[in-house]
Colleague: 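Okay, handing you the structure first.
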Number of protein chains: 2
Amino acid sequence: MTRKLQKATLADVAREAGVSMMTVSRVIHGTGRISDDTRQHVRQIIEKLEYRPNRAARTLVTKRTNMIAFVVPDITNPYFTEILQGVEEFFWREGYNVMLANSNENPEREKALLDQLESTMVDGVIVCASRLSDDELIPLIEKHAAIVTVNRNLPHHLGSVVTTLHPRGYRAVLAAKYLYETGRRRIGYVNLVRSISSVNLEMFMHELESLNIAVNPSWYATCKPTWQAGYDTGKVLLAEHPELDAVIAGNDLVALGVMRAAVEQGLRIPQDLAIIGGDDILMASQVTPPLTTFRSDKYSIGTMAAELLLRRVEGDLTYCEHHYDDVLIIREST
Amino acid sequence: MTRKLQKATLADVAREAGVSMMTVSRVIHGTGRISDDTRQHVRQIIEKLEYRPNRAARTLVTKRTNMIAFVVPDITNPYFTEILQGVEEFFWREGYNVMLANSNENPEREKALLDQLESTMVDGVIVCASRLSDDELIPLIEKHAAIVTVNRNLPHHLGSVVTTLHPRGYRAVLAAKYLYETGRRRIGYVNLVRSISSVNLEMFMHELESLNIAVNPSWYATCKPTWQAGYDTGKVLLAEHPELDAVIAGNDLVALGVMRAAVEQGLRIPQDLAIIGGDDILMASQVTPPLTTFRSDKYSIGTMAAELLLRRVEGDLTYCEHHYDDVLIIREST
DNA sequence: TCATTTTGAGTTAGCGTTAACCCAGAAAAT
DNA sequence: ATTTTCTGGGTTAACGCTAACTCAAAATGA
């Protein structure tokens with residue numbers, strides 16, 4: 001059996017079925033008035049010729065690609081993968097395909113992606129945890145027809161958003177408060193570079209002060225949201241500040257990196273050092289000791305974002321917000 | 001600033017620049033003969049009008065989409081994510097975009113994806129660890145112009161492949177051998193449903209017998225390649241067979257699920273039960289005790305597959321194989 | 001019986017690009 | 001001085017599909 005050389009087109013089907021192209025098109029779309037006989041007949045020919053509509057041609061005239069893009073800083077981060085799963089599942093049901101755009105924690109690459117992702121490629125874009133500043137991000141997304149951001153606020157006319165229910169810095173402050181209540185007095189913090197869980201350190205310190213928790217700017221570090229960065233940062237932070245009895249990390253990967261660094265320095269967890277993460281990835285519950293962290297329903301963050309995007313893609317440009325809850329899951333690392 | 005209503009087309013640029021459309025097209029592609037003056041001028045107009053080529057129109061005439069699809073059974077499995085990262089990185093450099101197709105460990109969905117992914121959508125497809133039988137898979141990929149499979153063999157005329165260097169069942173037998181050498185005598189096995197690491201149990205038992213290792217069909221179970229499935233399966237297997245002093249799992253997620261089940265049944269690892277996984281995902285090295293497993297370079301599996309696919313996309317349909325090595329990483333779970 | 005509506009199609013005109021071919025003027029070769 | 005070659009473009013015709021309009025025949029109503 002030799003490979004089919006030419007793909008059948010609408011015209012081929014029409015000719016073979018003895019009808020006009022529009023009739024075939026109508027059968028495919030289920031629109032217009034077609035007699036049952038004709039419909040049946042055309043369907044048979046379509047099957048016989050293994051006809052598949054040409055997406056490019058269709059897009060050219062309808063201006064719809066039935067594709068959306070998911071822009072993410074790191075596809076290997078399980079947090080994003082679960083969100084992506086929700087997005088993919090939702091759009092699959094709606095007949096859309098998802099294009100993946102991975103910036104690899106590289107802001108320049110994220111810019112290039114958003115710039116390249118022209119509206120002739122996708123009907124809409126979900127931008128997940130952008131690492132760009134507003135000044136960089138906003139001009140790039142102004143050109144897109146439909147945008148939804150996850151973990152990022154946006155001027156209302158530009159797109160809808162899915163964010164946490166809580167104000168910025170909530171997780172860090174709540175974590176600090178909990179640690180203080182369990183007797184910790186010198187609390188370090190590993191901040192993330194530009195993400196929703198990154199924290200304005202001034203505000204953070206101010207909040208801690210108002211809770212009578214000790215504050216020391218050199219206890220606070222910043223790193224990329226990866227395991228390796230957490231490990232490297234934790235190593236330095238813990239070596240330089242052996243007085244710390246707790247560390248809060250911006251997400252689980254970083255927390256687990258810090259935990260590994262702590263263990264290597266002979267610290268017992270949680271006796272010598274308590275650690276709190278964020279995101280509640282699977283690994284958080286599987287390590288020893290299991291990691292205290294914040295849980296949010298990542299899959300449904302994905303479906304919420306997808307639903308908001310679909311609305312915009314279909315022309316309803318009303319601004320919408322969906323919020324998810326962050327719940328502190330207390331495990332044995334604290 | 002109001003949203004731009006109409007996107008500029010080639011014709012707009014041509015009119016504004018006072019040249020023909022072909023001249024603009026040539027400037028964009030850097031082909032044909034264009035004077036420097038004209039080139040500069042056209043470039044300015046392109047920038048001024050923020051012209052971006054319409055992909056659908058281009059695709060319609062060139063028959064190239066500059067997109068490839070990555071078909072994967074479970075996007076939340078870190079093993080696949082790292083491969084995807086390699087694929088994405090490679091194709092990004094080559095000017096291609098990657099479409100994600102996630103079958104969610106559902107063979108019917110995988111079929112639907114492969115069927116829907118017509119060549120008018122993508123220039124090629126990487127099928128990663130297909131869960132379909134040959135009878136199901138082959139007819140589906142026959143229709144595609146360019147195919148590469150990962151962890152799956154293929155009739156040579158259909159596509160290139162990236163697989164392990166070792167024969168089927170190698171990992172399981174090697175693991176069993178190692179366990180036997182370290183004194184384990186009753187070795188359980190949790191097989192995966194249809195994947196490269198799934199094993200023909202008859203062959204497996206035969207190999208073990210030839211090594212004088214005890215064999216017992218009821219020590220061998222099969223499950224989906226997820227943590228939860230591993231946990232559930234491990235729970236049953238270990239409860240029914242307390243005599244087991246080692247378990248080999250098809251991949252790390254399953255191994256970690258089994259490990260959790262073992263710990264919950266009060267077993268000490270590795271004293272009471274040794275566990276071996278596969279894939280060496282990050283989590284494997286982070287749990288306590290760290291998991292003995294097989295390591296392969298997942299990122300480069302991705303780039304190898306991408307490279308092979310690009311070759312086919314560009315018209316070179318020679319069959320190629322790339323192989324990766326599986327190395328046993330001995331950690332404290334054994 | 002004749003006017004009106006409904007049914008079941010067909011026709012026309014692009015959508016925005018690029019491939020393939022054409023061509024006038026200038027420069028170079030004979 | 002004439003022919004040839006090169007330079008710097010332009011023209012035309014698809015690619016495969018759908019939106020919008022048209023229209024004959026059949027069914028319905030007065």
Side-chain angles (χ1 to χ4, degrees), chain A residues 4-43 45-46 49-67 95 118-123 145 315, chain B residues 4-43 45-46 49-67 95 118-123 145 315:
Chain A
K4 206 145 282 172
L5 294 178
Q6 285 285 72
K7 305 204 58 170
T9 70
L10 251 199
D12 296 333
V13 177
R15 193 180 322 110
E16 183 81 12
V19 299
S20 74
M21 281 168 46
M22 272 317 290
T23 301
V24 181
S25 177
R26 285 179 181 122
V27 169
I28 289 166
H29 288 82
T31 59
R33 294 188 230 278
I34 305 286
S35 72
D36 280 353
D37 285 358
T38 311
R39 194 193 322 278
Q40 296 276 331
H41 181 226
V42 169
R43 286 216 174 111
I45 305 294
I46 287 178
L49 300 186
E50 293 187 324
Y51 168 74
R52 299 280 189 280
N54 181 315
R55 301 263 262 168
R58 183 179 282 175
T59 294
L60 191 55
V61 29
T62 62
K63 271 102 180 73
R64 299 285 300 273
T65 62
N66 270 256
M67 278 222 254
E118 281 301 325
S119 48
T120 59
M121 288 193 63
V122 291
D123 295 337
Chain B
K4 205 146 284 172
L5 293 179
Q6 284 287 74
K7 306 204 59 173
T9 70
L10 250 200
D12 296 332
V13 177
R15 195 180 320 113
E16 184 83 9
V19 299
S20 76
M21 283 168 43
M22 271 317 289
T23 301
V24 181
S25 178
R26 285 181 180 120
V27 168
I28 289 167
H29 288 81
T31 60
R33 295 190 227 277
I34 306 285
S35 72
D36 280 354
D37 284 358
T38 311
R39 194 194 321 278
Q40 295 277 329
H41 181 225
V42 169
R43 286 215 175 114
I45 304 293
I46 287 177
L49 300 186
E50 293 187 323
Y51 168 75
R52 298 281 188 283
N54 182 315
R55 301 263 255 164
R58 183 178 282 177
T59 294
L60 191 55
V61 32
T62 62
K63 270 96 178 86
R64 297 286 301 271
T65 62
N66 270 256
M67 281 221 251
E118 280 300 323
S119 47
T120 60
M121 289 193 63
V122 291
D123 296 336

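Residue numbering restarts at 1 for every chain, and letters A, B, ... go by the order of the sequence lines. We use all heavy atoms of the structure for the numbers below, so side chains are in, but hydrogens, waters and symmetry mates are not.
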Colleague: So, is A:S25 close to the D:dC17 phosphate, meaning a side-chain N or O under 4.0 Å from OP1 or OP2?
Modeller: no

Colleague: Quick one: bend of the helix from C:dT1-D:dA30 to C:dT30-D:dA1 from 5 pairs per end, to 10°?
Modeller: 40°

Colleague: How long is the gap from CG on B:L10 to CG on B:L49, to the nearest 0.5 Å?
Modeller: 11.0 Å

Colleague: What nucleic acid atoms does A:R55 come within less than 4.0 Å of, heavy atoms only: base, sugar-phosphate, or nothing?
Modeller: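 No contact at all - A:R55 keeps every heavy atom at 4.0 Å or more from the nucleic acid.
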
Colleague: Would you mind writing out the side-chain donor-acceptor pairs for residues 54-62 of chain A within the sub-3.5 Å range, not counting sequence neighbours?
Modeller:
{"unit_1": "A:N54", "atom_1": "OD1", "unit_2": "A:A56", "atom_2": "N", "d": "2.8"}
{"unit_1": "A:N54", "atom_1": "OD1", "unit_2": "A:A57", "atom_2": "N", "d": "3.0"}
{"unit_1": "A:R55", "atom_1": "NH2", "unit_2": "A:N97", "atom_2": "OD1", "d": "3.0"}
{"unit_1": "A:T59", "atom_1": "OG1", "unit_2": "A:R55", "atom_2": "O", "d": "2.9"}
{"unit_1": "A:T59", "atom_1": "OG1", "unit_2": "A:R64", "atom_2": "O", "d": "3.0"}
{"unit_1": "A:T62", "atom_1": "OG1", "unit_2": "A:R58", "atom_2": "O", "d": "2.8"}
{"unit_1": "A:T62", "atom_1": "OG1", "unit_2": "A:R64", "atom_2": "N", "d": "3.3"}

Colleague: Starting at atom CZ of A:R52, determine the distance to atom P of D:dC17, rounded to an integer number of angstrom.
Modeller: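 Roughly 13 Å, once rounded to whole Å.
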
Colleague: At under 4.0 Å between heavy atoms, how does the protein contact nucleotides 5-15 of chain D? Give one character per nucleotide, 5' to 3', with B, S or -.
Modeller: --BBBBB---B

Colleague: I need the full list of salt bridge (Lys or Arg N to Asp or Glu O under 4.0 Å) pairs touching residues 27-37 of chain A, with sequence neighbours left out, sorted by first then second residue.
Modeller: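 Listed once each, the pairs are A:D36-A:R39.
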
Colleague: Between A:I28 (CD1) and D:dC17 (P), how many Å, whole number?
Modeller: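 These atoms are roughly 7 Å apart.
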
Colleague: Applying side-chain hydrogen bond (donor to acceptor under 3.5 Å, both in side chains), name anything that partners B:T120, two or more places apart in sequence or on another chain.
Modeller: none

Colleague: Hey, what do you get for OH (B:Y51) to CD1 (B:I45), rounding to the nearest 0.5 Å?
Modeller: 14.0 Å

Colleague: When the distance from CZ of A:R15 to P of C:dT11 is rounded to whole Å, what number comes out?
Modeller: 14 Å

Colleague: Check A:T31 against A:I34 and note the closest heavy-atom contact, atom names and distance.
Modeller: O-CG1, 4.3 Å

Colleague: Could you check how far CG of A:L10 sits from P of D:dA19, rounded to whole Å?
Modeller: 12 Å

Colleague: For residues 21-29 of chain B, dump all side-chain donor-acceptor pairs below 3.5 Å to protein atoms at least two apart in sequence or in another chain.
Modeller:
{"unit_1": "B:T23", "atom_1": "OG1", "unit_2": "B:S20", "atom_2": "OG", "d": "3.2"}
{"unit_1": "B:H29", "atom_1": "ND1", "unit_2": "B:S25", "atom_2": "O", "d": "3.0"}

Colleague: How close do B:M121 and B:T65 get, heavy atom to heavy atom, and via which atoms?
Modeller: O-OG1, 3.4 Å

